[in-house]
There are 2 protein chains.
Amino acid sequence: MHSEDLIEAIKTRRDNLDVTQEMLADLSGVGLRTLKQFESGKGNPTLETLNKLGNALGMELSYRVKEITK
Amino acid sequence: MHSEDLIEAIKTRRDNLDVTQEMLADLSGVGLRTLKQFESGKGNPTLETLNKLGNALGMELSYRVKEITK
DNA sequence: ATCAATAGTGCAATAAAAAGCACTTATCAT
DNA sequence: ATGATAAGTGCTTTTTATTGCACTATTGAT
């Protein structure tokens with residue numbers, strides 16, 4: 001799956017803000033287990049979960065048209 | 001939820017490419033019922049579903065840091 | 001090398017997404 | 001206004017995400 005970028009986005013932002021998984025779980029309302037699973041690449045979170053995490057970190061999810069990179 | 005933008009992105013792109021829900025369901029491998037539910041705002045799709053739809057339409061999901069708009 | 005903090009995992013229960021099917025509603029051209 | 005195409009809904013089963021708990025592993029500082 002191509003979700004590594006999303007995972008990296010969350011992890012990087014979380015680290016930059018000096019927020020632990022536990023803090024983010026509390027802040028976002030997402031279960032700690034769910035967050036751990038997502039960040040370790042073992043999850044398939046729902047949009048609601050992705051939004052909760054994004055909101056807590058001041059980020060939003062969007063679709064971007066892929067550019068033709070040759 | 002703030003997923004209206006994602007819904008609009010999919011619907012708009014799909015319309016622009018003249019693709020029906022049924023065609024997109026087939027192309028993406030997402031069930032027709034699931035797509036209908038998402039587009040009608042009644043769904044909470046998984047990341048896998050969002051990725052499948054995006055891929056079929058040449059789009060990718062990304063997190064963007066929200067700008068402070070005051 | 002030890003301790004503390006943070007991150008990752010196994011297991012189990014509950015809630016909910018995914019999917020197909022049959023049906024209804026809306027849209028639009030003729 | 002009829003027919004055809006596309007979109008939306010009710011119902012159901014199966015699969016899986018979410019969650020908590022208890023535990024292990026990793027990391028980093030002293």
Side-chain angles (χ1 to χ4, degrees):
Chain A
M1 212 73 47
H2 307 81
S3 41
E4 298 85 21
D5 292 345
L6 296 184
I7 297 175
E8 271 316 294
I10 291 289
K11 277 207 278 198
T12 301
R13 186 109 230 267
R14 185 170 66 70
D15 287 343
N16 288 346
L17 298 177
D18 244 296
V19 172
T20 65
Q21 287 182 341
E22 200 164 4
M23 292 165 73
L24 178 53
D26 287 344
L27 284 171
S28 64
V30 169
L32 179 57
R33 191 66 227 272
T34 301
L35 174 57
K36 285 176 178 299
Q37 225 152 10
F38 174 51
E39 282 200 4
S40 60
K42 312 228 167 72
N44 180 27
T46 62
L47 177 54
E48 184 179 12
T49 293
L50 293 170
N51 277 335
K52 283 180 181 172
L53 295 176
N55 285 341
L57 294 174
M59 306 199 301
E60 63 187 0
L61 214 47
S62 62
Y63 270 119
R64 298 187 45 170
V65 176
K66 276 188 221 163
E67 297 303 330
I68 320 273
T69 53
K70 53 179 168 313
Chain B
M1 211 70 46
H2 309 81
S3 42
E4 298 84 21
D5 292 345
L6 296 184
I7 296 174
E8 271 316 294
I10 292 290
K11 276 207 279 198
T12 301
R13 187 111 231 268
R14 185 170 65 70
D15 287 343
N16 288 346
L17 298 177
D18 244 296
V19 172
T20 66
Q21 288 182 341
E22 201 164 3
M23 292 166 74
L24 177 53
D26 287 345
L27 283 172
S28 64
V30 169
L32 179 57
R33 190 65 226 272
T34 300
L35 174 56
K36 285 175 179 300
Q37 224 152 13
F38 174 51
E39 282 200 4
S40 60
K42 312 229 167 72
N44 180 26
T46 62
L47 176 55
E48 184 180 12
T49 293
L50 293 170
N51 276 336
K52 283 180 181 172
L53 295 176
N55 285 341
L57 294 173
M59 308 201 298
E60 61 188 1
L61 267 182
S62 61
Y63 270 119
R64 298 188 45 171
V65 176
K66 277 186 219 164
E67 298 302 330
I68 321 274
T69 52
K70 53 177 165 309

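Chain A is the first sequence line, chain B the second, and so forth, proteins listed ahead of strands; every chain is numbered from 1.
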B:L32 reachable from B:L27 in the ILVMFWY side-chain graph, under 4.5 Å edges: no
Protein and nucleotides 24-30 of chain D: nitrogen or oxygen contacts under 3.5 angstrom:
none

Quick one, [X] and [Y] - any side-chain contact, counting heavy atoms below 4.5 Å?
X     : Y     : answer
A:R13 : A:V19 : no
A:N55 : B:K66 : yes
B:L53 : A:Y63 : yes
B:M23 : B:D18 : no
A:T49 : A:F38 : no
B:L24 : B:L17 : no

From the 5' end of DNA chain C to its 3' end, which nucleotides mark the outer limits of contact with chain B, defined by a 4.0 Å heavy-atom distance cut-off (strictly under)? C:dA17 to C:dC21
Annotated protein contacts, base or backbone, on nucleotides 4-20 of chain D with a non-hydrogen cut-off under 4.0 Å, one of B, S, - each: --SBBBBB-----SBBB
CD (B:E22) with more than 12 external heavy atoms under 6.0 Å: no
Quick check for you: to the nearest 0.5 Å, what is the distance between A:D5 atom CG and A:E8 atom CD? 8.0 Å
Once rounded to the nearest 0.5 Å, what's the spacing between atom CD of B:Q37 and atom NZ of B:K42? 8.5 Å
